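Shown next, in structure tokens, is the structure this report addresses.
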Amino acid sequence: MKYQDSINISEINLFGTHDSLTAFVDMEKVCRCQSLTLREQLALGVRLIDVRLNRKKDGFYLVHSLADCYEDKEKKIPLSFSSVLKDCLDFLKENPDEFIVMSVKQDRGIQSRFFFPAFYSQYIKGSEEKWYLGSEIPSVSECRGKIVLMRRCRVFPKYKRENPCGLDFSHWKDQGKKWSEKIYPVKLNKTQKATVQDRYGLEPQRKWHKCAGPFLDRCKCDKDNICVHFISTAYRYKNESLVRTAEKMNGFFREYNLTDGKGWFFFDFSDSEIAQKFG
């Protein structure tokens, strides 16, 4: 992707995937949100990935709620974060002008403020140069060749003062089935914020026409504000998988006239037609 070095990454449209690592997952009907592997997504143009983790004694593993994610369709090898990180770093080594924004969230286990310190110690410490860990929204030039950390897990205030912890999305309010057009701000730091639309419990027709579409119409990102759009929902039609739900939501988006400066987008079952709208 070609972006001007001087603009902040909040000012560009980023193509992303929701529950990015669920191509091979348990409970497929309710938990599978993607058909492409991470490598295939990056090749397609995805630059915003959604990582959901469970911490175990030997490391961190990819999950979607109660379901485990795997390396391949045989589902014999659990998908570790080490494997995901390698794919990201390999891509950036081959494409040093690119960057990847990685949303990191604890999706299983007792929610703990020790989660991120353990994650940092195992995967970031000693390799800080491979990440953008600042709390300020970076310019494109600041994050080329790096993983930009979008942190959705909380940390102790003292730890945060002493360590770089990335863009702070830890105060994200659950939106579920709320169908109003209200914008939900997330305070990133003293001067910058994000506004988020994540009505994950709504039926596609209502979500698009009552929430996602109106929010898209009126939002405008700038250097101090990130607009985040979930073009996905966990709603399932009777006896159907999430594929049909995604077909509906993605269909609405395909017909939308996407202009510059609208923000960051998360999709289920991303494809090349959607990728084309991001250039």
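This is a predicted model, so every value here is computed, not measured.
- Under the 4.0 Å criterion applied to side-chain N and carboxylate O atoms, Asp107 and Arg55 are not assigned as salt-bridge partners.
- A distance of 6.0 Å or more separates the ring centres of Tyr235 and Tyr200.
- The neighbour count for Lys105 NZ, taken as heavy atoms of other residues, nucleotides or ligands under 6.0 Å away, is above 12.
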| task | Start with the C-alpha distance between Gln175 and Asp198, add both sets of side-chain angles, then the distance that settles side-chain hydrogen bond (donor to acceptor under 3.5 Å, both in side chains), and finish with yes or no. | result | CA-CA 6 Å; Gln175 297 176 26; Asp198 183 23; 6.0 Å; no
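- Between Phe99 and Tyr3, the ring-plane angle classifies as tilted under the 30° and 60° cut-offs.
- Among residues two or more places apart in sequence or in another chain, the ring pair (Phe, Tyr, Trp, His ring centres under 6.0 Å) test is passed with Phe265 by His229, Phe253, Phe278.
- Put simply, CD1 on Ile9 and CE on Met150 are 10.0 Å apart, with the number rounded to the nearest 0.5 Å.
- The structure places NZ of Lys193 at 12.0 Å from CG of Asn189, a figure rounded to the nearest 0.5 Å.
- Atom CD of Glu255 sits in a sparse spot, with 12 or fewer heavy atoms from other residues, nucleotides or ligands closer than 6.0 Å.
- Ion pairing between a basic and an acidic side chain is recognised when a charged N comes within 4.0 Å of a carboxylate O; Arg52 and Asp50 show such pairing.
- The aromatic rings of Phe169 and Trp172 are tilted relative to each other, their planes meeting at an angle between 30° and 60°.
- If you look at Phe156 and Phe114, their ring centroids are closer than 6.0 Å.
- The number of heavy-atom neighbours closer than 6.0 Å to CD of Glu162, taken from other residues, nucleotides and ligands shown, is above 12.
- Annotation for Arg244: atom CZ counts as buried by contact number, over 12 foreign heavy atoms lying within 6.0 Å.
- No hydrogens or angles considered: nothing links the side chains of Thr22 and Gln34 as a donor-acceptor pair under 3.5 Å.
- Partner of Ile124 under the side chain to side chain contact (heavy atoms under 4.5 Å, CB included) criterion, out of Leu133, Asn163, Ile147, Leu85: Leu133 alone.
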